[in-house]
Amino acid sequence: MAETFAFVNEIFSFVVPLSDFFWDFPKNFEWYKNIPVLGNFSLALICIVGGGIYFTVMTRGIQFTYFVKSLRELAKSGNEKTGISPLSSLLLSSAMRIGPGNMLGVMGAISVGGAGSLFWMWVSACFAMAMAFAESTLAQIFKEKKDDEFIGGLPFYGQKLLGGVKFVGVSLSLLYVTYAMFNLPAQGYNVISTIEQIGATVTGGKISGDIFSGVVAIILLLVTTTVAFGGMKRAVNLVNKLVPFMAITYFFIVVFLVISHFELIPFFFRAVLVGAFSPESILGGSFGVMLMQGVKRGLMSNEAGQGTITMAAACSNAKHPCEQGLVQAIGVFIDTIVICTCSGFVVVMSFLWMGVDEQAWLASGMLTRFLTSAQALAPAGFENFVASFFALCVGLFSFTTLIGLISFSEVSINIISREKNVINAVRVIGIFFAAFGIICALAKINLGNIWAIGDLTNILMIFANLPLLVIGTKYILRATRHYKIHGGKDFNSSVIGWKNKSLYWDDFK
């Protein structure tokens with residue numbers, strides 16, 4: 001079996017350099033790298049940060065000026081007869097956003113780019129909130145009704161914005177499904193690995209054998225299959241319970257650890273701020289690495305601008321497109337400013353990241369290194385409890401991400417076919433990819449090349465989605481202007497100047 005997995009991993013050996021090329025382009029060329037200041041920034045970074053700044057300016061900083069209003073929108077239920085509430089939609093998208101990247105990804109960013117990466121993660125998130133608002137508003141504008149639920153998102157608004165060409169919608173749908181499927185194995189792998197870690201920690205290594213792991217794997221697959229074939233409503237019911245529990249509990253445990261080491265709080269902020277603006281990093285050439293890590297890991301945690309949260313945004317029964325846009329902007333704040341910062345406190349205050357190069361850090365195992373950081377802050381006698389709890393959080397984050405990926409693939413594929421057999425086929429394929437990751441975990445094989453596909457598909461999603469957001473800017477701004485004047489009332493095609501009277505909003509009363 002090991003030889004087979006090694007062969008599969010080798011097949012994807014091209015992924016790592018290809019992903020690095022797209023993320024670094026055009027820094028791959030000496031002529032560009034030699035350009036003062038600009039040479040530090042890749043096209044991907046310019047697009048992500050630039051897109052956030054663009055929509056912040058165009059919407060006049062709606063993520064800031066309407067922040068309190070956004071919190072109020074969470075309590076609205078919308079049209080109760082169809083779809084899910086704005087809050088449920090947020091939790092569904094958070095099932096994907098709040099994942100291992102919020103913990104292990106933050107640790108990786110700090111290990112490579114230093115504590116200053118966390119500051120740039122905050123900055124990128126503030127602007128990313130505007131992109132989340134823009135893409136979620138667009139998803140709501142062009143959503144469609146299917147029985148007693150809504151469907152929509154990137155493939156749907158992409159097709160409509162580009163003249164209704166079916167090929168566009170199909171291509172975007174397949175791109176998202178590819179993104180989701182190749183991100184599923186890592187999530188299945190993470191769930192099994194964390195459960196094994198908990199068993200070993202709690203029992204002192206007595207429960208970590210093949211039988212225990214096999215039972216966990218079977219239960220995980222059964223639960224995943226049950227939820228996947230239960231459709232969107234079952235997925236929503238699950239994440240409505242799991243996401244708030246794990247996010248709130250994680251937040252308060254970290255707050256407790258931070259308060260118990262309150263004397264290190266000044267060190268944390270000093271390390272982050274000095275690291276972000278030190279002359280050594282800026283003049284020494286490491287500024288670009290630090291900024292890239294902050295933005296890249298911030299993107300992979302909050303997913304703003306990728307179009308990957310738009311399927312959840314479209315499912316909401318919001319009474320105005322901008323209502324869901326504001327709610328999803330809050331999702332970025334929770335994901336990056338709150339959850340990622342919690343992880344940042346744990347990593348930075350443990351001191352274990354200092355003086356360790358990237359390869360040494362990764363060689364020790366991302367999960368192990370993060371749990372060791374958490375144990376370093378735990379009160380005496382509670383080290384195993386804290387390690388087990390943090391491992392459980394990583395496992396739950398991975399599981400809800402897994403569910404989100406399958407559910408959003410189901411929504412996305414509707415633009416190709418709404419036949420039950422096609423939807424079920426997507427669910428089966430999703431379960432297969434998750435099972436592949438689970439088998440890798442059972443076999444103790446970490447397929448780095450396959451996991452790297454996540455980085456590659458992330459950047460491809462960005463390059464596909466951002467141009468569409470720019471094309472749809474006029475519709476987003478007209479909807480925003482209408483919302484600011486009229487609130488959540490009387491939205492229809494005429495508000496945005498959409499001449500083809502075929503939107504859901506034209507029939508909605």
Side-chain angles (χ1 to χ4, degrees), residues 50-79 83 85-86 89-90 93 126-144 150 152-154 156-164 304-305 307 309-310 312-333 465-509:
I53 295 173
Y54 171 76
F55 283 108
T56 296
V57 172
M58 297 301 287
T59 61
R60 299 182 180 181
I62 194 168
Q63 73 270 40
F64 307 125
T65 58
Y66 273 61
F67 186 82
V68 176
K69 176 73 172 176
S70 301
L71 296 176
R72 293 174 183 161
E73 294 294 351
L74 290 175
K76 292 188 176 181
S77 59
N79 177 13
S85 72
S89 175
L90 170 64
S93 63
C126 288
F127 291 117
M129 291 172 70
M131 279 201 295
F133 169 83
E135 63 185 356
S136 299
T137 297
L138 206 57
Q140 273 286 310
I141 290 174
F142 295 112
K143 70 182 180 182
E144 298 178 9
F150 292 116
L154 172 61
F156 291 80
Y157 64 68
Q159 178 172 311
K160 287 185 170 65
L161 289 173
L162 296 181
I309 65 169
T310 57
C315 292
S316 167
N317 56 26
K319 294 181 179 178
H320 191 286
C322 291
E323 290 182 357
Q324 191 59 38
L326 291 173
V327 168
Q328 293 296 345
I330 288 293
V332 174
F333 178 86
N465 188 50
L466 282 181
L468 294 173
L469 296 185
V470 174
I471 294 171
T473 297
K474 63 180 179 180
Y475 303 118
I476 297 167
L477 296 182
R478 289 170 184 172
T480 302
R481 189 179 307 114
H482 179 269
Y483 179 75
K484 289 181 177 180
I485 296 173
H486 301 284
K489 299 178 181 178
D490 305 322
F491 181 84
N492 54 47
S493 295
S494 62
V495 169
I496 60 171
W498 186 257
K499 297 180 181 179
N500 182 5
K501 304 291 184 179
S502 60
L503 301 184
Y504 156 77
W505 300 98
D506 297 317
D507 299 323
F508 171 58
K509 304 297 181 183

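Because the structure is a prediction, the values reported are computed rather than measured.
- Here the shortest heavy-atom pairing between Phe491 and Pro321 reads CE2-CG, 3.5 Å.
- Residue Ile141 holds its CD1 atom at 11.0 Å from OG of Ser136, rounded to the nearest 0.5 Å.
- Judged by distance alone, the side chains of Asn492 and Tyr504 never bring a donor and an acceptor atom under 3.5 Å apart.
- Between Phe333 and the choices Phe67, Phe133, Phe127, Phe64, the ring pair (Phe, Tyr, Trp, His ring centres under 6.0 Å) rule is met once, by Phe67.
- Between the side chain of Ser89 and the backbone N or O of Ser85, no donor-acceptor pair lies under 3.5 Å.
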If you apply the rule salt bridge (Lys or Arg N to Asp or Glu O under 4.0 Å), what do you find for Arg72 with Glu323, and how did you get there? CA-CA 10 Å; Arg72 293 174 183 161; Glu323 290 182 357; over 6 Å; no

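- Residues Ile309 and Ala132 share a closest heavy-atom pair of CD1-CB, 4.3 Å.
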Would His482 and His320 satisfy side chain to side chain donor-acceptor pair (under 3.5 Å), going step by step from the backbone distance to the final call? CA-CA 10 Å; His482 179 269; His320 191 286; 3.1 Å; yes

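- Considering only heavy atoms from C-beta on, Pro86 comes within 4.5 Å of Asn317 through its side chain.
- Across all non-hydrogen atoms, the minimal contact from Gly153 to Ala314 is N-CB, 3.7 Å.
- A distance of 13.0 Å separates CD1 in Ile330 from NZ in Lys69, rounded to the nearest 0.5 Å.
- To the nearest 0.5 Å, atom CE of residue Met58 and atom CG of residue Leu477 are 4.5 Å apart.
- In this structure, Lys160 is not positioned above the aromatic face of Phe142 in the sense of NZ or CZ being under 6.0 Å from the six-membered ring centre and within 45° of the axis.
- Summarising the geometry, atom OH belonging to Tyr66 is positioned 9.5 Å from atom OG1 belonging to Thr480; distances are rounded to the nearest 0.5 Å.
- Of the possible polar contacts, none joining the Lys143 side chain to the Tyr157 backbone as a donor-acceptor pair under 3.5 Å is found.
- The CG atom of Leu466 lies 6.0 Å from the CE atom of Met131; values are rounded to the nearest 0.5 Å.
- One N or O on the side chain of Gln63 and one on the backbone of Cys126 form a donor-acceptor pair closer than 3.5 Å.
- The side-chain heavy atoms of Arg481 and Lys484, taken from C-beta on, include no pair separated by under 4.5 Å.
- Using a 4.5 Å heavy-atom cutoff, the side chains of Leu161 and Tyr475 are in contact.
- Looking only at side-chain heavy atoms (C-beta outward), Ile471 and Leu162 come within less than 4.5 Å of each other.
- A donor-acceptor pair is defined here as one N or O able to donate and one able to accept, closer than 3.5 Å; such a pair exists between the side chain of Thr473 and the backbone of Leu469.
- Under the 4.5 Å side-chain criterion, counting only non-hydrogen atoms from C-beta, Leu503 is in contact with Ile496.
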Walk me through whether Leu138 and Thr310 qualify under side-chain contact (heavy atoms from CB on, under 4.5 Å). CA-CA 8 Å; Leu138 206 57; Thr310 57; over 6 Å; no

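- Atom OG1 of Thr59 sits about 10.5 Å away from atom OH of Tyr54, to the nearest 0.5 Å.
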With side-chain contact (heavy atoms from CB on, under 4.5 Å) as the test, would you mind laying out the steps for Thr137 and Gln324 before giving the verdict? CA-CA 6 Å; Thr137 297; Gln324 191 59 38; over 6 Å; no

